[in-house]
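Data block below; observations after.
It should be emphasised that the depicted structure is a prediction, and the values quoted were computed from it without experimental measurement. The chains referred to below are lettered A, B, ... by the order of the sequence lines, with proteins before strands, and numbering in each begins at 1.
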2 protein chains.
Amino acid sequence: MPAQQPQPPSTPRDRAVEPAFRAMLRSYGQLQRVMHPYFAAHGLTGSQWGVLRTLHRAEAQGLPALRLVDLSDRLIIRPPSVTGAVDRLQRMGIVTRSGSDEDHRVKRVSLTPRGRRLVERVLAGHPRQMRVVLSVLTGADLANLRRLHEKLAAHLETLANPGKTQSRKTDNQDPVRRRRPAGTRGEEPR
Amino acid sequence: MPAQQPQPPSTPRDRAVEPAFRAMLRSYGQLQRVMHPYFAAHGLTGSQWGVLRTLHRAEAQGLPALRLVDLSDRLIIRPPSVTGAVDRLQRMGIVTRSGSDEDHRVKRVSLTPRGRRLVERVLAGHPRQMRVVLSVLTGADLANLRRLHEKLAAHLETLANPGKTQSRKTDNQDPVRRRRPAGTRGEEPR
DNA sequence: CTGAATTAGTTAGCTAACTAACATCTTCAT
DNA sequence: ATGAAGATGTTAGTTAGCTAACTAATTCAG
């Protein structure tokens, strides 16, 4: 447990880490600001759109109505967040929640007819909005952005879920020091 | 019944837009999950760390204590969010809020000695954490990531603030007499 | 078959962000 | 000098995410 003091060997790559990190966070924040009014014009939020798009896509693929836990997996948010999001969409009359006969624990979420019309209305203008948002990037930029973020997301997933059988290819030589023992709940510093 | 609306002329670049978009959102979500326990181990959240790092940096630059609105500008969050964040940090004994004699509207936020020690403790391990998080990217990747996101953030900023001038010099340089832009296109879009 | 473990979903309580509306103080133009 | 406009910060109310702890249903080991 060395009391760390010197900046570790600072290679050029190391020095590139923080600016990249900050640029990423910054553009994400701005993205939220741009998308918010766009979705609001349809009476939605970005998160709600995520739920609707996911349901619509599953429907188009002929899958049975998704369970809450399926939404949780696809949206990469935890179950309690799904409960809340679906609550609100249900209150708006855009989705329904129905019990399953097979398994009495599960509830399946479906678009209502009205919800389906809404999704299609949004979808009609959606590619255009995304093009506007990313219009500053060239085709090569987009390919790079995608590649970098897919790489990064895969890496972060292994960091976020230690002990999940992801793939034994994992480069283990740089283990994050945070083996969460049980609850990593921050103890109120008071 | 899928596929109804006339998708606008779909060039290869257009088709690259959505995957890039989604990869970006996905990696951001994963990033949150990875960083949360890291900050929690210090009794902090990511947003709180943003405030503390900003205060610490301004201090190191010899600037006078930042106003809430300075924090709002630098963190790119709206004033009410700053109020709440500072409230909580203050309750934890990590920062103080003090009125100004020059301008009785402003309140200045400073790190307490305890807050300063906390920042330095986090800072000691922070470069390492960022390197771990981005360890999957090469030096060239990092340079690209930065370039793409700086480009994107600048574009999004113009989309988010239509009719704003770019130069952000409205800072804290002259705390005593700040002649400020008289001519105002204060187009605060509601 | 029975009891332990697992899975699906919810509730409670927290932080973080937002908009809208407001009080207060300052600056500026008339 | 005064009144309008702008700047600073807060309050109120909403959504979204989280962890922890819970209930209820299912599955599985012995």
- Query: Just how far, in rounded Å, is P of D:dT15 from CG of A:L52?
  - Reply: 15 Å

- Task: Enumerate the residue pairs fulfilling side-chain hydrogen bond (donor to acceptor under 3.5 Å, both in side chains) with a member in residues 74-86 of chain A, sequence neighbours excluded, ordered by first and then second residue.
- Result: none

- Message: Of the options D:dG9, C:dT11, C:dA17, whose atoms approach the side-chain atoms of B:V106 most closely?
- Response: D:dG9

- Query: Tell me: CZ of B:R88 to P of D:dT10, nearest whole Å?
  - Reply: 13 Å

- Rounded to the Å, how far apart are B:Q90 CD and C:dT15 C1'? 17 Å

- When you match B:T45 and A:H36 each to their closest nucleotide on DNA chain C, which lands nearer the 5' end? B:T45

- Message: With nearest nucleotide decided by heavy atoms, which residue, A:R67 or A:D87, maps closer to the 5′ end of DNA chain C?
- Response: A:R67

- Query: Picking from D:dG9, C:dA8, C:dT15, which would you name as closest to the side chain of A:V69?
  - Reply: C:dA8

- Query: Hey, does the side chain of A:T83 come within less than 4.0 Å of C:dG9's phosphate (OP1/OP2), counting only N and O?
  - Reply: no

- Query: Has the side chain of A:H155 got a donor or acceptor atom that lies under 3.5 Å from a matching backbone atom of B:V132?
  - Reply: yes

- When rounded to the nearest 0.5 angstrom, what distance separates CZ in A:R116 from CZ in A:R121? 13.5 Å

- Length of the line joining A:L31:CG and C:dA17:C1', which is rounded to integer Å: 15 Å

- Query: Quick one: is D:dG17 close enough that its OP1 or OP2 comes under 4.0 Å of any side-chain N or O from B:R33?
  - Reply: no

- Within this structure, what is the CD1-to-P distance between B:I76 and C:dA16, rounded to whole angstrom? 17 Å

- Can you name the one residue among A:H42, A:H36, A:H126 that meets ring pair (Phe, Tyr, Trp, His ring centres under 6.0 Å) with A:W49? A:H126

List, with names and distances, any nitrogen or oxygen atoms from the protein found under 3.5 Å away from nitrogen or oxygen atoms belonging to nucleotides 26-28 of chain D.
from   : atom 1 : to     : atom 2 : distance (Å)
D:dT26 : OP1    : A:H104 : N      : 2.9

- How long is the line joining CZ of B:F39 and C1' of D:dT19, in whole Å? 18 Å

- Task: Look at the side chain of B:P80 and decide which nucleotide, out of D:dA16, D:dT11, D:dT19, has an atom nearest to it.
- Result: D:dT11

- Would you confirm whether B:D70, through its side chain, and B:R67, through its main-chain N or O, come within 3.5 Å as a donor-acceptor pair? yes

- Item | Length of the line joining A:M35:CE and D:dA16:C1', which is rounded to integer Å | 16 Å

- Which part of the nucleic acid, if any, lies within reach of B:R97 when heavy atoms closer than 4.0 Å are counted: base, sugar-phosphate only, or nothing? sugar-phosphate

- Task: Not counting sequence neighbours, which residues clear side chain to side chain donor-acceptor pair (under 3.5 Å) with B:S47? List them please.
- Result: none

- Note on the structure: From NZ of B:K107 across to P of D:dA7 the rounded distance in Å is 19 Å

- Message: Less than 4.5 Å apart, side chain to side chain, heavy atoms only: is that true for B:M35 and B:Q129?
- Response: yes

- When A:I77 and B:L68 are each assigned the nearest nucleotide of DNA chain D, the 5'-most assignment goes to B:L68

- Message: If we ignore hydrogens and angles and just use 3.5 Å, is the side chain of A:S100 paired with the main-chain N or O of A:V106 as donor and acceptor?
- Response: no

- Under 4.0 Å between a side-chain N/O of B:Q32 and OP1 or OP2 of C:dA16, yes or no? no

- Are OP1 or OP2 of C:dA16 and a side-chain N or O of B:S81 less than 4.0 angstrom apart? no

